[in-house]
Amino acid sequence: MLADWRESSPDRYAFLRQAGEVEARWWRVLHVLAFGGLAGLFAAGLVMLVVLGIAAGLMAAGGSVGVTEAIGVLTDFGRGDRTLQSYVFELALAGLSSFTAAWTFITVAARIERRPRLSFLTIAPRFRWRLVSLGLAVAAPVLGVSVIIAYLTGDASQAPILTPGVPVWARLTYVAASAVFLCLAALAEEMLFRGWLLQQTSVFVHRVALLLVVNGVLFSLAHADPNVGSFLIRAAMGAAWAWVVLRTGGLEFALGAHLANNLMVSLFIKPVSLAPIVARPLDYLELAIEVVGLAIIVGVVEWLVRTRAMGRTPSNA
């Protein structure tokens with residue numbers, strides 16, 4: 001399979017055959033982008049206001065600050081002297097708003113394209129959470145090695161989850177929030193990029209290699225990270241996960257791998273924050289480690305698909 005991936009046509013993959021003649025009409029694509037985008041942004045905005053209101057209310061309930069002052073503190077993402085549990089707000093904000101936006105977009109796309117929402121997620125009769133767990137289990141140890149190397153090379157200094165002086169309840173709250181909200185955020189990105197976008201672009205791009213490159217580049221551009229190294233790493237991730245989706249016939253395994261990556265960063269590298277991104281030089285070692293890790297994950301998926309170790313996956317049926 002890997003030998004002919006550059007020449008293969010998208011039509012050979014069942015996940016891409018979910019898109020048909022309807023998706024080939026440009027006016028429908030524009031309708032999806034316009035109506036789905038606006039609806040998604042509106043829904044995400046409402047969720048962000050609700051999350052902000054709840055967080056500010058809880059903060060003000062302590063009596064030390066008022067609601068207005070609490071909102072000012074919560075939205076000052078670059079403030080210093082933060083506690084570990086203070087990042088739960090940003091996790092909730094990012095996870096809930098992104099999932100709401102993506103699910104709303106997919107709902108609009110499904111209505112315009114007249115097909116089930118599940119068809120954007122998997123070719124299976126139902127979403128395969130077992131494959132999500134498998135993706136998490138396979139990717140976590142591979143990505144864990146890159147975390148260890150980051151500490152050995154000085155790229156990481158203090159694991160957030162091991163911050164000294166943090167009470168147990170705060171650590172557990174942060175871990176639980178990371179697991180739940182980062183899963184929602186990863187699912188949102190997978191639905192949009194490896195779900196709708198991958199299927200939609202396959203109608204116009206007729207070489208799988210180019211399709212993977214396009215998906216990876218657009219995925220990376222959407223993160224608006226000016227650092228070249230981060231851009232290349234995310235582009236490689238996007239392309240690798242897109243290939244995994246084609247081979248497994250759905251988003252499930254890629255979602256697990258995506259979640260593993262997010263958790264490794266959140267728990268052991270740095271907390272998830274909405275603060276402005278700090279520019280840093282290209283780290284060739286980091287880039288090489290990430291690419292090798294992705295290649296290992298893709299190789300494991302290939303082995304699992306070929307040996308049917310993950311069950312019957314009619315990705316090329």
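Between the CZ atom of Phe193 and the CG atom of Leu198 there is a distance of 11.5 Å, given to the nearest 0.5 Å. The line from CG of Leu118 to CD of Gln18 is 8.0 Å long, rounded to the nearest 0.5 Å. The structure places OG of Ser86 at 11.0 Å from CZ of Phe77, a figure rounded to the nearest 0.5 Å. Atom-to-atom distance recorded for Ile148:CD1 and Leu143:CG is 11.5 Å, nearest 0.5 angstrom. Atoms CG and CG, from Leu259 and Leu136 in turn, are 5.5 Å apart once rounded to the nearest 0.5 Å. Going from atom CD1 of Ile297 over to atom CG of Asn261 covers 8.0 Å, rounded to the nearest 0.5 Å.
Closest heavy-atom contact between Ala139 and Ala257: CB-CA, 3.7 Å. Taking both residues in full, the closest heavy atoms of Ser98 and Ala94 are given as OG-O, 2.6 Å, listed atom of the first, atom of the second, then distance. Counting all heavy atoms, side chain and backbone alike, Leu221 lies closest to Phe231 at CD2-CE1, 3.6 Å. Closest approach of Arg126 and Glu252 over heavy atoms only: O-OE2, 4.3 Å. Closest approach of Val51 to Ala92, counting heavy atoms only: CG1-CB, 4.2 Å. Heavy-atom minimum distance, Ile269 versus Ala150: CD1-CB, 4.3 Å.
Panel note: side chain Ser97, backbone Leu93; a donor-acceptor pair is recorded below 3.5 Å. Side-chain atoms of Arg79 come within 3.5 Å of backbone N or O of Val73 as a donor-acceptor pair. At least one donor-acceptor pair under 3.5 Å links the side chain of Gln199 to the backbone N or O of Phe15. Between the Asn227 side chain and the Ile277 main chain, no donor and acceptor come within less than 3.5 Å of each other. Side-chain N or O atoms of Ser220 include none that pairs as donor or acceptor with a backbone N or O of Val217 at under 3.5 Å. Between the side chain of Glu90 and the backbone N or O of Leu274, at least one donor-acceptor pair lies under 3.5 Å. In this structure, Ser266 contributes its side chain and Asn262 its backbone to no donor-acceptor pair below 3.5 Å.
Following chains of ILVMFWY side-chain contacts shorter than 4.5 Å, one can reach Leu218 starting from Val228, so the two form part of one hydrophobic cluster. Cluster annotation: Trp303 is connected to Val244 through the hydrophobic network of ILVMFWY side chains, with a link wherever side-chain heavy atoms come within less than 4.5 Å. Follow the hydrophobic side-chain contacts under 4.5 Å out from Leu255 and you reach Val272 in the same cluster. Tracing side-chain contacts under 4.5 Å through hydrophobic residues (I, L, V, M, F, W, Y), one reaches Tyr151 starting from Ile161; they form part of the same cluster. Put simply, Leu91 and Ile54 are part of two different groups of oily side chains (I, L, V, M, F, W, Y) that touch within less than 4.5 Å, one to the next.
The side-chain contact (heavy atoms from CB on, under 4.5 Å) test applied to Leu46 returns Phe42, not counting sequence neighbours. Residues that satisfy the salt bridge (charged side-chain N to carboxylate O under 4.0 Å, His left out) test with Arg171, not counting sequence neighbours, are absent from this structure. Among residues two or more places apart in sequence or in another chain, the side-chain contact (heavy atoms from CB on, under 4.5 Å) test is passed with Val67 by Ala56, Ala60, Ile71. Annotation: ring-ring contact (aromatic ring centres under 6.0 Å, His included) contacts of Phe127 (sequence neighbours excluded): Trp129.
Residue Met264 qualifies as enclosed at atom CE: its count of foreign heavy atoms under 6.0 Å is above 12.
With contacts defined as side-chain heavy-atom distances shorter than 4.5 Å, the pair Leu282/Tyr284 qualifies. Considering only heavy atoms from C-beta on, Pro160 stays 4.5 Å or farther from Leu267 through its side chain. Within the 4.5 Å cutoff, side-chain heavy atoms of Phe219 are placed close to those of Trp241. Side-chain atoms of Arg28 and Arg114, non-hydrogen and from C-beta on, do get closer than 4.5 Å to each other. Two residues are said to be in side-chain contact when any heavy atoms from C-beta on lie closer than 4.5 Å; Leu33 and Trp196 meet this criterion. Side chains of Phe120 and Glu113 form a contact here, defined as non-hydrogen atoms less than 4.5 Å apart. Using a 4.5 Å heavy-atom cutoff, the side chains of Arg128 and Val132 are not in contact. Contact annotation: the side chain of Leu304 approaches that of Leu134 to within less than 4.5 Å [non-hydrogen atoms, C-beta and beyond].
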Thr122 and Leu251: CA distance, side-chain angles, deciding distance, side-chain contact (heavy atoms from CB on, under 4.5 Å) verdict: CA-CA 6 Å; Thr122 183; Leu251 308 181; over 6 Å; no
Evaluation steps, side-chain contact (heavy atoms from CB on, under 4.5 Å), between Leu16 and Leu211: CA-CA 11 Å; Leu16 298 182; Leu211 187 65; 3.7 Å; yes
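Classification of Arg247 and Glu302 as a salt-bridged pair holds, one side-chain N sitting under 4.0 Å from a carboxylate O. Using a cutoff of 4.0 Å between basic side-chain nitrogens and carboxylate oxygens, Arg234 and Glu290 are not scored as salt-bridged.
Taking the six-membered ring for Trp and the full ring otherwise, the centers of Trp169 and Tyr174 sit at least 6.0 Å from each other.
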List, one per line, each side-chain donor-acceptor pair under 3.5 Å for residues 102-111, sequence neighbours excluded.
residue	atom	partner	partner atom	Å
Thr104	OG1	Thr100	O	2.7
Thr107	OG1	Trp103	O	2.8
Thr107	OG1	Arg117	NH1	3.3

Review item, side-chain donor-acceptor pairs of residues 185-192, under 3.5 Å, at least two apart:
residue	atom	partner	partner atom	Å
Glu189	OE1	His258	NE2	3.0
Glu189	OE2	His223	NE2	3.1
Glu190	OE1	Arg194	NE	3.0
Glu190	OE2	Arg194	NH2	2.7
Glu190	OE2	His258	ND1	2.7

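Partner of Trp243 under the side-chain contact (heavy atoms from CB on, under 4.5 Å) criterion, out of Thr248, Leu294, Val301, Val208: Val208 alone.
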